[in-house]
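Take a look at the structure below.
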Amino acid sequence: MAFEDNQQLTRIFEEIADFLELQGENIFKVKAYQKAARGLEGLERSVTELYRSGALASMPGFGKALVEKVSQFVDTGEVELHQELKSSFPPEILHLMDVPGLGAKKAALLYKELAIGSVDALEKALREGLVTDIKGFGKKTVDKLLEGIALLRQGEQRWLLGRVSQLAEDLLGRLRALPMVERAEAAGSLRRGKETVGDLDLLVITSSAEEVMKFFSGLGEVIGSGPTKTSIRWEGTFQVDLRCVPAESFGAAMQYFTGSLDHNVALRGRAKRMSCELNEYGLFDALGQCIASETEEEIYAKLGLPWIAPELRESGAELEWEKQPQRLELSQLRGNLHTHSLWSDGTDTLEQLAEEAQRRGYQYLAITDHSRSMVVANGLSIDRLLAQGEEIARLNRGFQNDFRLLWGSEVDILGDGSLDFPEEILARLDFVVVAVHSQFSMSPEAMTERICRGISRPHVDVLAHPTGRKINRRVGYQADWEKVYQVAREHGVALEINCSPRRLDLNDKAARRARDCGCMISLGTDAHSLPEFEYLPLGVLQARRAGIEATSLLNHLSWEQLRTRRPHLADV
DNA sequence: GCCGTTTTCGGCCCGACTGTTTTCAGTCG
Ligand SMILES: Nc1nc2c(ncn2[C@H]2C[C@H](O)[C@@H](COP(=O)(O)OP(=O)(O)OP(=O)(O)O)O2)c(=O)[nH]1
Ligand SMILES: [Mg+2]
Ligand SMILES: [Mg+2]
Ligand SMILES: [Zn+2]
């Protein structure tokens, strides 16, 4: 959920950091602002509310000065220091540092020597050969910067998690097929399960790094390549980093390359305080002896910590938790609670869906085709819904095992908050998912009221894709989500983590909040075709990032337990 | 600017690759 205040302040802190770095300020001061900005990005609550509740100061990285900055922001919507810095530089200057290969030092030099204050001005100066007069700007640097500008202009966004997972499978497959490759694994933000991924990070154990680098360099445009590390641009756009380490360093290297940055800094700081040193090759004691390196578990253990799940390695605060959550496993899910068939806008028959679900070992599958108002999606009329119910009953009688299809519906929450099917129809269904699919532009108050009305109706099980966001396409609609969670909890309605890679809605942070508010969570692939069943693990990753355990998941319930939510239905 | 098994000053993670460097700074992971 996009907390607008968090986003604005994140940006302000990032810009303060950049301005200060340009000015040559103490680098640790710069890092303090950068860390605070990342902290805000990962925050599952509104920073305004957190500040008002007085709890902000307990967030790592927020000391006296930064809390004061937040205070200014809450009162005025701005931060004085930010305004001052902004007015003392050309408006576009920070974009210089968006050019790959151009950092604060070089940007400052360009500004000081040639008054270059924008990417356009830089490009012009580079082409006219003006910058070669500056110390440190040779021919190669000029070419690299021109390339960097071209790349920046491509405007490539972060890729969706699902897309990078597929690329990783492809590239790992090719690497593992090489005879000299012992192991190849994905790390970085992909392994942490972030909803979008900036680049793909691959770790390889090999007897011949040289050969692996040579092979890898052939897969894309080479950005840089040395004996242990090569970076390429896949299809000229998306960066892939490959790192090689000796076999005995596998655990240390996975730990390093998985990150996050803040997690690594916190862990290495901890090692240091224990008179040790941690890097990607291992954990070393005061005498320089390696005391752990082969597995992540050993490294965390030697530092007095439990193994921390990659999905939870973000701010570094996770090192201080008294207890890590029980990690959710895919195998703990007994079914998929949001799917579409040929009856509405899916591509497969009920038989095909049931077969696929059984192949995956599910105990149940909820068929949740669209309701009658969703004309574009071939939504079901009441007559067709009832006919589908008979078909599902017939199929259920035929299964040899204890597998069952749940007769469900994805019922539209109409503009006024009423549902698209009457109560007596919902009462007959096994499973009811409700969702907003139309009339997105409403005031937050009206949207809150609408959703709360919708989920307050009897027989509703799940609020699907609650915020309506589509990653890199559109932000979700605004509403008072705390209120929605509260009403959902009161009515026993679960919040969905929609597993579709473009949605992942609720997102990790919102799901954590919803769970903290006492809501159950439901994982649904929203599959419109069989391959989309593969989306379920993406949702599991988000649930893990939210610290959600199996006990909070509707999907963890057996069919019999789910059934107790509908005591009025006859036994089957 | 933050923060405390080094406690209120003095550190703050650590290494790879590049370019123009004659010994290392800048940028990035
Ligand atoms: N110790 C240390 N590790 C770092 C640093 N920067 C990056 N790493 C590690 C942790 C990162 O997760 C990992 C990969 O770096 P990336 O820049 O690709 O970041 P990450 O994959 O986390 O996010 P992304 O989605 O690619 O932006 O390398 C650093 O400054 N210090
Ligand atoms: Mg990465
Ligand atoms: Mg990377
Ligand atoms: Zn759906």
Side-chain angles (χ1 to χ4, degrees), chain A residues 13 16-17 20-22 24-37 39 56-70 79 81 96-110 131-132 134-145 147-148 187-189 198-203 209 213 217 222-232 239-245 249 252-253 255-284 286 303-304 315-317 319-320:
Chain A
F13 283 172
I16 290 177
L20 292 178
E21 200 179 2
L22 266 184
E25 235 326 334
N26 180 324
I27 192 63
F28 297 105
K29 186 167 169 178
V30 171
K31 286 179 179 183
Y33 279 98
Q34 288 170 340
K35 187 178 171 198
L56 183 64
S58 63
M59 241 179 95
F62 284 79
K64 209 164 165 245
L66 277 154
V67 171
E68 162 59 19
K69 301 289 185 294
V70 176
V79 174
L81 175 61
L96 286 179
M97 289 187 278
D98 294 339
V99 177
L102 186 54
K105 288 279 159 58
K106 283 206 162 87
L109 217 51
L110 289 165
V131 304
T132 37
I134 310 177
K135 194 156 156 262
F137 285 79
K139 170 97 178 62
K140 283 189 172 169
T141 303
V142 168
D143 289 347
K144 207 169 126 184
L145 290 180
E147 240 178 79
S189 50
D199 71 351
L200 174 55
D201 302 294
L202 302 175
L203 178 67
M213 295 308 178
S217 296
V222 176
I223 303 166
S225 184
T228 76
K229 194 174 118 177
T230 294
S231 294
I232 62 165
Q239 185 169 331
V240 185
D241 294 336
L242 183 138
R243 186 72 202 266
C244 288
V245 295
S249 294
Q255 194 292 309
Y256 151 72
F257 218 21
T258 298
S260 69
L261 167 62
D262 289 317
H263 180 88
N264 286 359
V265 170
L267 200 64
R268 289 172 178 207
R270 183 186 179 93
K272 212 165 179 176
R273 285 194 300 280
M274 296 170 73
S275 305
C276 292
E277 188 173 81
L278 176 64
N279 58 33
E280 61 266 51
Y281 299 105
L283 178 63
F284 303 86
L303 292 170
S315 73
L319 302 190
E320 313 302 331

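First the proteins, then the strands, lettered A, B, ... as listed; each starts at 1.
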To the nearest Å, how far apart are A/Phe257 CZ and B/dC14 P?
19 Å
Just how far, in rounded Å, is C1' of B/dC12 from CG of A/Asn26?
9 Å
Provide the distance between the two P atoms, one in B/dT5 and one in B/dC13, to the nearest whole Å.
15 Å
Winner on side-chain proximity to A/Ala32, out of B/dG1, B/dG15, B/dC17, is B/dG1
Base, sugar-phosphate or nothing for A/Leu261? Non-hydrogen atoms, less than 4.0 Å.
base
Separation of atom CG in A/Asp98 from atom C1' in B/dC28, rounded to whole Å
15 Å
Tell me what A/Asn264 touches on the nucleic acid: a base, only sugar-phosphate, or nothing, going by heavy atoms under 4.0 Å.
nothing
For the residue pair A/Asp262 and A/Ser315, confirm or rule out a side-chain donor-acceptor distance under 3.5 Å.
no
Looking at the side chain of A/Lys31, which of B/dC17, B/dC13, B/dG29 is the nearest nucleotide?
B/dC13
Give the rounded distance in Å between these two atoms: CZ of A/Arg273 and C1' of B/dG4.
9 Å
Any donor and acceptor pair, going by atom type alone, linking the side chain of A/Ser249 with main-chain N or O of A/Tyr281 inside 3.5 Å?
yes
Please determine whether a side-chain nitrogen or oxygen atom of A/Asn279 lies at a distance below 4.0 Å from atom OP1 or OP2 of B/dG15.
yes
When rounded to the nearest Å, what value does the distance between P atoms of B/dC28 and B/dT23 take?
25 Å
I'd like to check A/Val142 versus A/Thr132 (side-chain heavy atoms, cut-off strictly below 4.5 Å). Are they in contact?
yes
Would you classify A/Ser231 as touching base, sugar-phosphate or nothing, given that sugar-phosphate means primed atoms plus P, OP1 and OP2, and contacts are heavy atoms under 4.0 Å?
nothing
In whole Å, measure the gap between the P atoms of B/dG26 and B/dT20 for me.
14 Å
Counting C-beta onward and ignoring hydrogens, is there a side-chain heavy-atom pair between A/Leu303 and A/Met274 closer than 4.5 Å?
yes
Tell me what A/Asp201 touches on the nucleic acid: a base, only sugar-phosphate, or nothing, going by heavy atoms under 4.0 Å.
sugar-phosphate
Quick one: A/Leu66 CG to B/dC3 C1', roughly how many Å, whole number?
13 Å
A/Thr141 side chain near B/dT20 phosphate (N/O to OP1/OP2, under 4.0 Å)
yes
Write down the distance separating the P atoms in B/dC17 and B/dG10, rounded off to the nearest Å.
37 Å
Nearest listed nucleotide, side chain of A/Glu280, among B/dC17, B/dC13, B/dG15:
B/dG15
Reckon A/Ala104 touches a base, only the sugar-phosphate, or nothing at all at heavy-atom distances under 4.0 Å?
sugar-phosphate
Under 4.0 Å between a side-chain N/O of A/Tyr256 and OP1 or OP2 of B/dC14, yes or no?
no
Calculate the interatomic distance between A/Lys35 atom NZ and B/dC12 atom P; express it in whole Å.
14 Å
Sticking with atom P, work out how far B/dT27 lies from B/dT21, rounded to a whole angstrom.
16 Å
Please report the shortest heavy-atom distance between A/Ser189 and A/Asp199, naming the atom on each side.
OG-O, 4.3 Å
Base partner of B/dC28, which must satisfy Watson-Crick or wobble distances under 3.5 Å:
B/dG15
So, is A/Lys272 close to the B/dC14 phosphate, meaning a side-chain N or O under 4.0 Å from OP1 or OP2?
yes
Send over the distance from A/Ile27 CD1 to B/dC2 P, rounded to a whole Å.
16 Å
Rounded to the Å, how far apart are A/Leu203 CG and B/dG15 P?
17 Å
Pick the nucleotide of DNA chain B nearest each of A/Gln239 and A/Lys29; which residue has the one closer to the 5' end?
A/Lys29
Nearest 0.5 angstrom please: A/Lys229 NZ to A/Glu280 CD, how far?
9.0 Å
Distance, C1' atom - from B/dC2 to B/dT8, rounded to whole angstrom:
12 Å
A/Asn264 side chain to A/Tyr256 main-chain N or O, any donor-acceptor pair under 3.5 Å?
yes
According to a strict under-4.0 Å criterion, is A/Lys105 in side-chain N/O contact with OP1 or OP2 of B/dG26?
yes
Hey, does the side chain of A/Tyr281 come within less than 4.0 Å of B/dA16's phosphate (OP1/OP2), counting only N and O?
yes
For A/Lys140 and A/Ser275, find the nucleotide of DNA chain B closest to each by heavy atoms; which residue's nucleotide sits nearer the 5' end?
A/Ser275
Inter-nucleotide P distance (B/dT6, B/dG1), Å rounded
26 Å
B/dT7 to B/dC12 separation - P atoms, rounded to the nearest Å
14 Å
